[in-house]
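What's counted below: heavy atoms across the whole structure, side chains too, no hydrogens, waters or symmetry copies. Because the structure is a prediction, the values reported are computed rather than measured.
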Protein chains: 2
Amino acid sequence: MHHPDLSDQDYETLAAFRHALRRFAAFSESEAKARGLTPQQHQVLLAIKGTPGRPALSVGEIAAHLLVRHNSAVELIDRLADAGLVMRAPDPQDRRRMLVTLTGQAEHLLVALSAAHLRELRAIRPALLSLLRRL
Amino acid sequence: MHHPDLSDQDYETLAAFRHALRRFAAFSESEAKARGLTPQQHQVLLAIKGTPGRPALSVGEIAAHLLVRHNSAVELIDRLADAGLVMRAPDPQDRRRMLVTLTGQAEHLLVALSAAHLRELRAIRPALLSLLRRL
DNA sequence: CCTGTTATATCGTGATGCGACATAACGAGT
DNA sequence: ACTCGTTATGTCGCATCACGATATAACAGG
């Protein structure tokens with residue numbers, strides 16, 4: 001299997017792109033932890049809030065959105081429920097499924113978190129666009 | 001502390017952006033593991049290769065690039081050295097520092113890995129650009 | 001030489017996602 | 001209505017990985 005030419009520039013761009021992603025992930029983790037959330041717990045809340053026209057997601061849908069196994073999603077949701085950030089209710093249409101909804105407290109957290117993330121993303125957008133252009 | 005208005009669109013875009021990043025991370029992890037590397041080991045190799053005009057990086061520089069503590073970098077490098085992918089040599093200018101260089105085997109791995117990553121990034125670039133535009 | 005600082009290395013620990021397994025509910029076919 | 005295969009959620013023990021704490025060695029300035 002032969003691979004096309006890769007210039008030093010290509011490696012440099014790839015490395016810089018990954019570094020930028022890591023910096024964003026570190027920013028996000030710091031913001032989440034400052035509010036008592038693990039990064040993945042934050043992503044659960046965002047996944048629910050960010051699904052348009054749906055007030056709730058099932059455990060499996062959350063797992064699919066986070067790209068984790070369902071049992072990992074269960075544990076995340078357990079801890080969020082303990083913290084009073086989500087509520088579980090059986091889906092009346094399919095009693096196997098548990099629908100997870102945000103509490104008011106979670107909505108509040110998400111306003112602050114999402115505003116901070118939007119600000120950060122707008123700040124780094126030029127750099128990301130420049131890197132993407134270079135690929 | 002008051003936060004500016006956030007529309008449902010904002011949350012949707014943020015969630016979609018994070019989902020896209022996770023999908024890329026999953027792709028990258030899959031490619032790395034298929035070649036016997038952990039995702040972080042791949043990032044060590046890429047950091048060295050992607051630093052222009054430098055054939056080697058010190059342990060501390062690698063840690064800074066990966067945003068991990070130096071002791072974590074040491075462990076990553078230990079395993080890469082055991083696998084024959086990097087070599088350590090003390091910096092003659094400063095014998096506290098260990099300079100980490102890639103072996104030919106690592107260079108080979110990186111060609112294939114980086115080509116795959118470039119392909120994937122070019123494939124998802126339109127989606128990423130669209131999401132960034134929406135922020 | 002001291003002495004404070006920096007760079008790397010070692011070791012034990014805590015968190016997190018996973019595999020394996022279990023239970024319950026659905027639905028198609030008979 | 002009953003079986004049977006499938007799907008959804010939940011439980012448990014384990015492996016991995018990054019970290020904090022600590023140790024050692026080498027530098028730099030006085």
So, for A/A15 and B/G50, which heavy atoms are closest and what is the spacing to 0.1 Å?
CB-CA, 4.0 Å

Residue pair B/L128 / B/A20: nearest heavy atoms and the distance that separates them:
CD2-CB, 4.0 Å

Atom-to-atom span, [atom1] of [X] to [atom2] of [N] - whole angstrom:
X     : N      : atom1 : atom2 : result
A/D91 : C/dA24 : CG    : C1'   : 15 Å
A/R22 : D/dA18 : CZ    : C1'   : 14 Å
A/Q93 : D/dA8  : CD    : C1'   : 16 Å
B/Q41 : D/dC17 : CD    : P     : 8 Å

With sugar-phosphate meaning primed atoms plus P, OP1 and OP2, does A/Q40 contact a base, only sugar-phosphate, or nothing at under 4.0 Å between heavy atoms?
sugar-phosphate

Base, sugar-phosphate, or nothing for B/D94, non-hydrogen atoms under 4.0 angstrom?
sugar-phosphate

Closest-nucleotide mapping onto DNA chain C: is B/L99 or A/R96 further toward the 5' terminus? I mean the 5' end.
B/L99

Which sits closer to the 5' end of DNA chain C, A/T38 or A/N71, going by the nucleotide each is nearest to?
A/T38

In this structure, would A/I62 and A/L99 fall into the same cluster of hydrophobic residues linked by side-chain contacts under 4.5 Å?
no

Is [X] close enough to [N] that one of its side-chain N or O atoms is under 4.0 Å from OP1 or OP2 there?
X     : N      : answer
B/R88 : C/dA9  : yes
A/R95 : C/dA24 : no
A/R69 : D/dT9  : no
B/R97 : C/dT8  : no
B/S58 : C/dA7  : no

Options C/dC18, D/dT9, C/dT10, nucleotide nearest the side-chain atoms of B/V74
C/dT10

Donor on one side chain, acceptor on other, A/H65 and B/R18, under 3.5 Å:
no

